[in-house]
Amino acid sequence: MSVEAKAAVAAIPEALAECYNRAVESMMDHVENGTTDMAEDVMRVPYEQYTDPDVWQREIDLIYKRLPIMVGLSIEIPEPGDFKTIEMLGMPLLVTRASDGEARVMLNVCSHRGMKLTTEGCGHARLFTCPYHRWSYGLDGALKGVAEYKKFGDVDKATLGLTQLSCHEQGGMIFAVLTPGLEVDFQAFLGGMIADVEQKHFENWHFCGRREIFGGNWKVAYDGYLEGYHFAAAHPETIHPRTYSNIMHFEAHGPHILIGFPQRSIDQLRDVPRDELWKYENNGYDFIRTFFPNISIFVAPEITQVAQLIPGPTPAENRTILYFLKPEPPANDEEKQATETMVDWLQSVVDREDYQVGLQVQRGLESGAHDSVIFGRNERGNQYFHRWLDYYLAGEADAPPPEL
């Protein structure tokens with residue numbers, strides 16, 4: 001979409017449009033003046049935050065198991081009977097689309113003897129039957145049948161369904177709380193960022209598939225999504241030719257961040273009326289949308305990537321699932337192959353230019369060469385993320401939350 005011949009863009013809420021307009025104005029000013037959004041001072045984070053097993057376990061217990069965590073995309077299970085499985089923090093999850101159309105998130109563990117109920121990564125089913133003793137469960141997790149019930153003995157099937165997790169579906173994303181029985185206010189936590197993503201209508205897009213990559217400590221990997229300071233050095237032939245290095249704009253939605261990155265073509269927007277700048281995402285600037293603590297979304301004209309970082313199994317490791325989606329399915333075999341090629345290329349770029357670098361960073365941290373990493377004033381998003389980490393780990397309900 002060129003400035004001269006832009007495609008129709010659906011209207012969005014006034015407050016959201018103003019957020020975008022403000023961000024684009026800021027990016028244009030930064031490009032003109034050679035500046036970027038800046039924090040008040042530099043920030044030091046001790047090496048142990050990336051290496052210490054006790055710190056890592058507290059992050060799992062107080063953040064990953066108590067806050068809403070994305071477990072999948074709506075388009076992975078579009079129809080009743082569709083399901084996916086995913087392993088997170090040693091917890092085998094079963095995500096289903098029940099007959100009522102609602103998403104469910106349950107532990108993929110039979111209530112009889114603890115057998116994993118299904119080992120399929122995804123599929124379509126009417127019932128889930130345990131491969132050990134053939135107990136069967138519905139899409140909602142209810143126990144439907146006990147094999148040879150008369151010989152087994154009297155049990156109350158109503159109390160022996162799959163263990164349910166609180167879940168919430170919005171903006172084409174499925175979130176869950178990884179502690180059974182723990183209820184949270186999903187809407188309050190997701191707030192303005194989910195309202196932003198909701199405008200994209202990911203639930204109606206085409207799912208292109210997923211890939212997995214592996215890196216160092218989850219925060220080493222996530223730090224890379226929060227700044228463009230590294231673009232010139234780490235992405236000289238991929239990102240940097242399109243996007244300025246070390247020029248960023250940040251908007252906060254609670255602990256979540258909208259990060260603006262100006263393209264080298266942003267000057268073409270100087271004649272666009274201010275109240276229409278929001279219409280030109282990917283045509284002069286790009287946004288990265290992050291959901292604390294572990295989701296990064298990059299909407300690009302070619303394909304959209306959703307990165308889901310999963311800590312472990314040790315403090316020095318993370319597994320990242322890259323989900324890929326497009327507004328429309330490929331029209332023919334040629335487009336399908338082009339999409340696969342783009343998915344493979346993006347996986348390669350993220351793995352080679354980000355995660356392999358992160359593994360070297362992890363080794364450097366574990367060497368104890370220094371006592372802390374330093375986030376500059378220009379690395380404002382990283383500073384904000386780490387202040388929210390400290391806030392949740394402190395567990396002080398009366399403490400004021402961090403502000404950007």
Side-chain angles (χ1 to χ4, degrees), residues 1 6-21 23-24 68-84 95-98 100-105 122 167-176 186-210 251 253-254 256-261 275-292 295-308 321-331 335-336 339 342-343 346:
M1 181 179 72
K6 64 177 182 291
V9 179
I12 63 175
E14 183 176 345
L16 190 54
E18 173 56 28
C19 173
Y20 288 171
N21 293 335
V24 180
I69 300 295
M70 193 197 88
V71 297
L73 301 177
S74 301
I75 54 175
E76 293 182 270
I77 53 167
E79 302 296 333
D82 291 344
F83 71 91
K84 67 168 283 188
V95 185
T96 70
R97 180 77 61 195
D100 60 4
E102 297 295 318
R104 302 286 202 283
V105 182
C122 61
C167 66
H168 176 77
E169 184 174 18
Q170 188 177 358
M173 306 171 74
I174 303 170
F175 297 86
F186 285 94
Q187 192 63 65
F189 177 75
L190 299 172
M193 187 56 73
I194 198 66
D196 169 81
V197 170
E198 207 164 16
Q199 306 306 312
K200 300 295 183 183
H201 297 287
F202 287 153
E203 66 275 12
N204 299 324
W205 288 28
H206 172 72
F207 184 54
C208 304
R210 65 179 72 83
E251 296 277 344
H253 297 281
H256 321 299
I257 314 174
L258 178 75
I259 312 170
F261 297 97
D275 62 356
E276 295 185 7
L277 291 171
W278 64 270
K279 298 179 180 180
Y280 292 88
E281 184 174 354
N282 299 137
N283 292 276
Y285 62 91
D286 298 298
F287 287 129
I288 291 288
R289 295 164 170 87
T290 71
F291 283 91
F292 185 92
I295 298 297
S296 172
I297 303 172
F298 175 46
V299 178
E302 303 87 359
I303 201 165
T304 287
Q305 174 184 285
V306 179
Q308 175 193 41
I321 302 176
L322 302 175
Y323 301 85
F324 297 96
L325 53 156
K326 296 180 69 171
E328 301 290 340
E335 286 190 12
K336 183 177 180 180
T339 297
M342 176 61 70
V343 167
L346 277 171

For this session: Measure the spacing between CD1 of I12 and SG of C19 and express it to the nearest 0.5 Å.
Result: 8.5 Å
For this session: Take F202 and V299, measure what side-chain contact (heavy atoms from CB on, under 4.5 Å) needs, and give me the verdict at the end.
Result: CA-CA 10 Å; F202 287 153; V299 178; 3.9 Å; yes
Exercise. Once you round to the nearest 0.5 Å, how far does CD of E203 lie from CH2 of W205?
Worked result: 10.5 Å
Exercise. How about D82 and E76: do any of their side-chain heavy atoms sit closer than 4.5 Å?
Worked result: no
Seminar exercise, completed: Separation between CZ (F292) and CE (M193), nearest 0.5 Å, reads 13.0 Å
For this session: Could you walk me through whether D196 and L16 pass side-chain contact (heavy atoms from CB on, under 4.5 Å), step by step?
Result: CA-CA 7 Å; D196 169 81; L16 190 54; 3.5 Å; yes
Exercise. Can you list the residues that meet the ring-ring contact (aromatic ring centres under 6.0 Å, His included) rule with F324, with sequence neighbours excluded?
Worked result: none
Problem set entry | CZ-CZ distance between R97 and R104, expressed to the nearest 0.5 angstrom | 10.0 Å
Exercise. Sub-3.5 Å donor-acceptor pair from the side chain of K84 to the main-chain atoms of V71, do we have one?
Worked result: yes
For this session: Kindly give the heavy-atom pair with the smallest separation between Q199 and A11, and that separation in Å.
Result: OE1-O, 4.4 Å
Exercise. Side chains of L190 and H168: closer than 4.5 Å at any heavy-atom pair?
Worked result: yes
Exercise. Do Y20 and E281 have side-chain atoms, one donor and one acceptor, less than 3.5 Å apart?
Worked result: no
For this session: Please examine the side chains of E102 and C167, heavy atoms only from C-beta on, and report whether any two atoms are closer than 4.5 Å.
Result: no
Exercise. For the side-chain contact (heavy atoms from CB on, under 4.5 Å) test, which of I295, L322, V197 pairs with V306?
Worked result: I295
Seminar exercise, completed: ring-ring contact (aromatic ring centres under 6.0 Å, His included) filter on F291, not counting sequence neighbours, yields F175, H256
Problem set entry | Any Q187 side-chain heavy atom under 4.5 Å of I194 side chain | yes
Exercise. Between Y323 and M70, does a side-chain contact (heavy atoms from CB on, under 4.5 Å) hold up when you go through it step by step?
Worked result: CA-CA 12 Å; Y323 301 85; M70 193 197 88; 3.8 Å; yes
Exercise. Under the salt bridge (charged side-chain N to carboxylate O under 4.0 Å, His left out) test, which residues partner D286, sequence neighbours left out?
Worked result: R242
